[in-house]
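Below: the structure, in structure tokens.
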Amino acid sequence: MRLYLSEGSAQGLKVVAAAGASGVRVRLERVPPDGRVVPFLTHPRVPALHLDSGTFLFSPNAICQYFFLLAGKEPNDLTNQWLEWEATELQPAVSTALYCHLVQGKKGGEVLGAIRKTLTYIDQSLTSKATPYLTGEAESVADIVLWATLFPVLRDEFCLPDELEALRSWFQTMNLSEPCRSAVASVLTPKGAQEFKGYLQKQPGPSLHWEKPAANEPEEEELAERSLSEEEIAAAAEAWARGPAALPERWQPASPVLPVEGKRNILITSALPYVNNVPHLGNIIGCVLSADVFARYCRLRNWNTLYVCGTDEYGTATETKALEEGLTPQQICDKYNAIHAQIYRWFDISFDYFGRTTTAHQTTIAQDIFRRLLERDMLLTDTVDQLRCERCQRFLADRFVEGTCPFCNYEEARGDQCDKCGKLINAVELKKPQCKVCKDSPVVKSSQHLFLDLPKLEGLLDKWLEQSWATGDWTANSRFITRSWIRDGLKPRCITRDLKWGTPVPLDGFRDKVFYVWFDAPIGYLSITANYTDQWERWWKNPQQVQLYNFMAKDNVPFHSVVFPCTLLGAEDNYTLVNHLIATEYLNYEDGKFSKSRGMGVFGDMAQDTGIPADIWRFYLLFLRPEGQDSAFSWTDLMLKNNSELLNNLGNFVNRAGMFVCKFFGGRVPPMELGADDKRLLAHVTLELHQYNQLLEKVRNFPRDRLAEFFTSPCSEGPGTRAGTVTGVAVNIASLISVMLQPYMPSISATIQRQLCVPQACNVLTDTFLCLLPPGHQIGTVTPLFQKLESEQIEALRKRFGGGFSPAWGQIALCAQADRVRQLKASKAEKGQIDAEVAKLLELKKQLALAEGKTPEPPAPKGKKRK
């Protein structure tokens with residue numbers, strides 16, 4: 001097998017060290033950093049391992065795991081936890097440190113500050129286990145991977161602070177090992193160092209918010225003092241003194257919520273979830289949860305807000321699901337609409353109305369828009385070749401055809417795309433196509449269809465986009481995807497389908513057809529609002545007064561930024577078009593994708609059975625929210641975030657502030673005499689509040705480490721003037737946090753407010769930090785907000801939801817086991833030894849098939865060769 005590597009590759013260090021530590025023989029080939037060695041990837045990926053079987057591995061950690069598997073060293077749960085932690089926590093921190101050092105020229109404590117938290121975590125783990133290596137008495141793949149990630153920034157143990165004694169000892173041991181020394185000499189050459197620095201210089205600068213070493217705390221305090229003017233400090237103190245009386249009265253909209261003259265009217269939609277499946281965590285964060293956070297924030301700002309959503313219920317997928325379950329399409333829609341609604345209630349999603357698209361209003365509004373397009377000559381007619389299943393008596397949508405890929409001959413290619421080579425396919429191009437429902441071979445037949453004339457509408461679209469992009473908040477990916485669609489010119493898009501389950505087309509010659517789901521579904525926003533109020537047009541035909549926010553995952557962007565706007569522009573009826581389009585990337589599950597059929601990942605109906613409260617799920621999903629790039633759910637990371645960010649930081653701060661009031665001041669907020677430092681703290685909190693508001697107004701996640709700025713624990717002295725001031729300010733910070741947390745964790749917010757007896761009138765967010773709990777305010781009983789998640793509980797959940805054997809991990813293990821069997825046969829090992837390893841190989845194949853949702857192949861009869 002061949003290992004492709006570029007000089008100076010930080011990731012290359014770990015794979016070369018892993019090859020040496022496992023004793024695996026591999027042929028090393030040097031390639032440029034932009035060398036394309038994996039043929040089916042669109043971007044260069046090195047290091048990459050080309051196996052003798054032809055398979056490529058291009059995840060550095062997967063390559064390291066493969067080497068150790070070949071050597072017969074299988075990972076345990078603790079090894080897997082360390083590898084996940086390295087990928088999600090350590091790598092980003094080290095990248096920041098390297099950028100500071102190599103690009104910005106920083107040294108010493110400034111560099112270590114970026115990774116200090118992660119270094120402390122490793123040291124504490126080694127100390128608590130009292131073992132020389134991360135997972136026990138013997139070196140594992142986790143030791144190699146973590147050492148290689150740390151080495152470029154640390155180089156030797158003398159860079160580490162003296163108090164990290166266990167980490168220093170472990171790092172020294174790893175540095176002195178022959179595989180690690182050889183890897184450094186091979187990879188980190190002078191030429192490689194220059195190439196790596198050049199690579200870093202091309203990258204955007206990372207966020208540099210981190211916890212500074214204790215020795216630098218006075219310097220940080222001085223920096224805060226320099227960044228605040230005397231006017232800002234005085235203004236903060238003056239605002240604080242005004243107290244809750246300075247808050248505006250909470251806005252209580254009438255029912256139903258309608259636009260109000262002179263108010264900021266916010267209309268929020270989240271992409272309509274398709275009715276025939278159960279939403280997984282990625283669906284939830286990509287659409288409804290992100291929109292819910294913004295809707296709750298808008299209400300805290302006293303903005304007149306309407307948040308609507310519902311299930312998208314028409315189309316082929318519903319018909320097929322009905323056939324699978326022996327129900328009618330309407331029964332399927334009724335069943336799954338109820339499942340969706342229950343899941344969103346459990347996640348505490350605050351819809352003003354959650355509806356559906358199978359309604360009379362949907363038919364009326366969709367057909368009206370269609371007629372207006374027809375009258376304005378915005379539609380075309382054309383003939384389309386389609387696959388038709390004669391047994392099922394219907395035309396087949398792309399996703400319900402399988403066959404052999406015309407490009408790579410993969411036998412399970414879908415009618416729209418091949419999963420193996422990644423190329424897009426027209427269903428009629430498939431070799432040996434099969435209907436996925438009955439397995440018969442479909443035939444090609446022609447059918448007349450209606451098309452939206454997008455080229456005719458392109459001028460109107462360009463003008464509208466220019467205005468919307470100039471005044472609205474569109475995420476970078478939504479702008480990029482939209483540009484890519486219109487860059488080469490728009491083409492007519494089909495808006496009808498040969499189906500029965502859908503909105504009927506009201507035109508002679510086409511009455512046996514229905515509207516295509518992507519013409520019909522976005523109109524669902526309007527019809528769902530119409531089911532909420534008969535005055536729906538005040539929201540949807542009122543662009544002068546209404547600001548529209550669309551939330552979705554990136555795959556839905558073209559339909560919301562091009563197709564649906566063109567539909568409404570062409571209808572010429574003063575429709576409200578999207579002002580702000582908020583799209584996320586994808587959330588993956590561990591090292592694979594969510595799959596209900598493979599039992600892979602947590603789906604909405606399962607989350608409540610884990611025993612983990614909804615607010616913890618909300619917090620962690622928002623922490624992971626894939627704003628700029630894909631992210632991955634990790635059970636280990638969920639446990640770490642709950643136990644550190646929530647239990648140790650937030651929970652401890654609020655609990656201590658409240659307990660000090662109860663223990664030393666009789667349960668009443670003590671008098672406060674503010675000194676210069678206290679007023680500076682008020683101004684600092686006010687600045688944090690300003691940034692919070694600025695980011696959420698722009699529909700960006702509040703930075704993950706900023707709330708820590710508030711966690712200044714009250715002093716541990718007994719009663720006294722100074723202790724009373726610190727405690728009083730701390731409990732007021734806790735009160736402010738309870739309001740700021742409401743969009744993210746509404747139940748925890750309500751619990752804090754109940755414990756501190758925060759008046760409901762305080763649930764309004766302004767730009768000033770007010771003394772909401774004045775001296776003498778009586779608080780209630782203070783109890784812990786969070787519970788610790790234990791390793792045993794998390795491991796049980798990981799195995800239950802498929803993390804124990806994912807397809808990605810199974811492929812690695814299968815390749816390693818197959819190579820082990822080949823080596824034994826080539827060396828003419830004893831038959832008993834070969835048979836034992838073959839049995840392991842067959843069991844891995846069985847587990848992998850089950851994990852991929854396939855039926856395992858029956859074993860070949862003994863003594864007979866399979867044909």
Side-chain angles (χ1 to χ4, degrees), residues 10-24 60-91 93-94 97 112 115-188 213 634 636-637 639-640 643-644 790-792 794-795 798 816:
Q11 296 289 338
L13 185 62
K14 63 174 67 166
V15 299
V16 173
S22 60
V24 173
N61 283 9
I63 295 171
C64 295
Q65 289 174 289
Y66 178 78
F67 288 152
F68 271 70
L69 277 170
L70 274 183
K73 300 176 181 179
E74 296 191 9
N76 56 27
D77 288 339
L78 186 55
T79 302
N80 290 331
Q81 288 180 27
W82 275 117
L83 292 177
E84 290 169 14
W85 180 83
E86 184 269 346
T88 57
E89 296 286 339
L90 185 60
Q91 280 191 34
V94 167
L112 281 180
I115 57 173
R116 186 176 181 85
K117 190 175 180 180
T118 55
L119 297 179
T120 301
Y121 178 75
I122 300 171
D123 183 77
Q124 290 173 348
S125 297
L126 288 166
T127 302
S128 64
K129 289 182 175 58
T131 55
Y133 296 100
L134 294 172
T135 61
E137 298 297 329
E139 180 185 271
S140 71
V141 65
D143 294 285
I144 293 292
V145 167
L146 266 71
W147 166 82
T149 302
L150 287 170
F151 185 85
V153 71
L154 294 180
R155 293 284 174 165
D156 60 58
E157 69 275 12
F158 300 109
C159 293
L160 292 165
D162 292 339
E163 63 268 21
L164 302 181
E165 185 177 348
L167 177 60
R168 284 169 63 99
S169 175
W170 169 82
F171 196 69
Q172 181 183 35
T173 300
M174 297 301 298
N175 278 348
L176 294 175
S177 72
E178 179 56 32
C180 293
R181 290 167 59 189
S182 297
V184 170
S186 173
V187 177
L188 299 185
S634 159
T636 302
D637 191 47
M639 178 181 69
L640 291 171
N643 295 348
S644 60
E790 301 292 347
S791 297
E792 297 78 10
I794 290 299
E795 281 308 309
R798 185 204 309 277

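Every heavy atom of this structure was used, including side-chain atoms; hydrogens, water molecules and symmetry mates were not.
Residues satisfying the side chain to side chain donor-acceptor pair (under 3.5 Å) criterion with W82, sequence neighbours excluded, are absent altogether.
A heavy-atom distance below 4.5 Å is not found between the side chains of L167 and T120. Contact check for S791 versus M639: side-chain heavy atoms found under the 4.5 Å cut-off. Taking the side chain as every heavy atom from C-beta outward, T118 and V94 never approach each other to under 4.5 Å. L640 has its side chain within reach of Y121: a pair of non-hydrogen atoms, C-beta onward, lies under 4.5 Å apart. Counting only heavy atoms from C-beta outward, the side chains of I144 and C180 approach each other to under 4.5 Å. Side-chain contact between V15 and N61 is absent, with no heavy-atom pair separated by less than 4.5 Å. Within the 4.5 Å cutoff, side-chain heavy atoms of E137 are placed close to those of P132. Looking only at side-chain heavy atoms (C-beta outward), E139 and M174 come within less than 4.5 Å of each other.
Among pairs with a residue in residues 14-24, those fulfilling salt bridge (charged side-chain N to carboxylate O under 4.0 Å, His left out) read K14-E86, at least two apart in sequence or across chains.
Annotation: the span from L90 atom CG to K117 atom NZ amounts to 13.0 Å, rounded to 0.5 Å. Going from atom CD of E89 over to atom OG of S634 covers 8.5 Å, rounded to the nearest 0.5 Å.
Comment: R798 does not engage E792 in a salt bridge, judged by the lack of any side-chain N to carboxylate O separation of less than 4.0 angstrom.
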>> Go through it in stages, so that I can follow the logic: the residues are V184 and N175, the test is side chain to side chain contact (heavy atoms under 4.5 Å, CB included), and I'd like the CA-CA distance, side-chain angles, deciding distance and then a yes or no.
In response: CA-CA 9 Å; V184 170; N175 278 348; over 6 Å; no

> L154 and L119: side chain to side chain contact (heavy atoms under 4.5 Å, CB included), yes or no, with the steps?
Replying inline: CA-CA 11 Å; L154 294 180; L119 297 179; 4.3 Å; yes

>> Using side chain to side chain contact (heavy atoms under 4.5 Å, CB included), reason through T149 and Q11 one step at a time and then give a plain yes or no.
In response: CA-CA 7 Å; T149 302; Q11 296 289 338; 5.8 Å; no

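I115 and A97 make their closest contact through CG2-CB, 3.9 Å (heavy atoms, listed as atom of the first residue, atom of the second, distance). When all heavy atoms of V187 and G12 are compared, the closest pair comes out as CG2-O, 4.1 Å. S140 approaches F68 most closely through the heavy-atom pair C-CE2, 3.7 Å. Of all heavy-atom pairs between L83 and Q65, the closest is CD1-NE2, 3.5 Å. A148 and L13 get closest at one heavy-atom pair: O-CD2, 3.7 Å. Taking every heavy atom of both residues into account, P179 and A17 meet most closely at CB-O, 3.8 Å.
If you check the side chains of W170 and D123, you find no donor sitting under 3.5 Å from an acceptor.
For the side-chain contact (heavy atoms from CB on, under 4.5 Å) test with I122, the passing option among T127, L164, L134 is L134; the others fail. For the side-chain contact (heavy atoms from CB on, under 4.5 Å) test with L146, the passing option among W85, F151, F171 is W85; the others fail.
With hydrogens and angles disregarded, no donor-acceptor distance shorter than 3.5 Å links the side chain of S169 to the backbone of A166.
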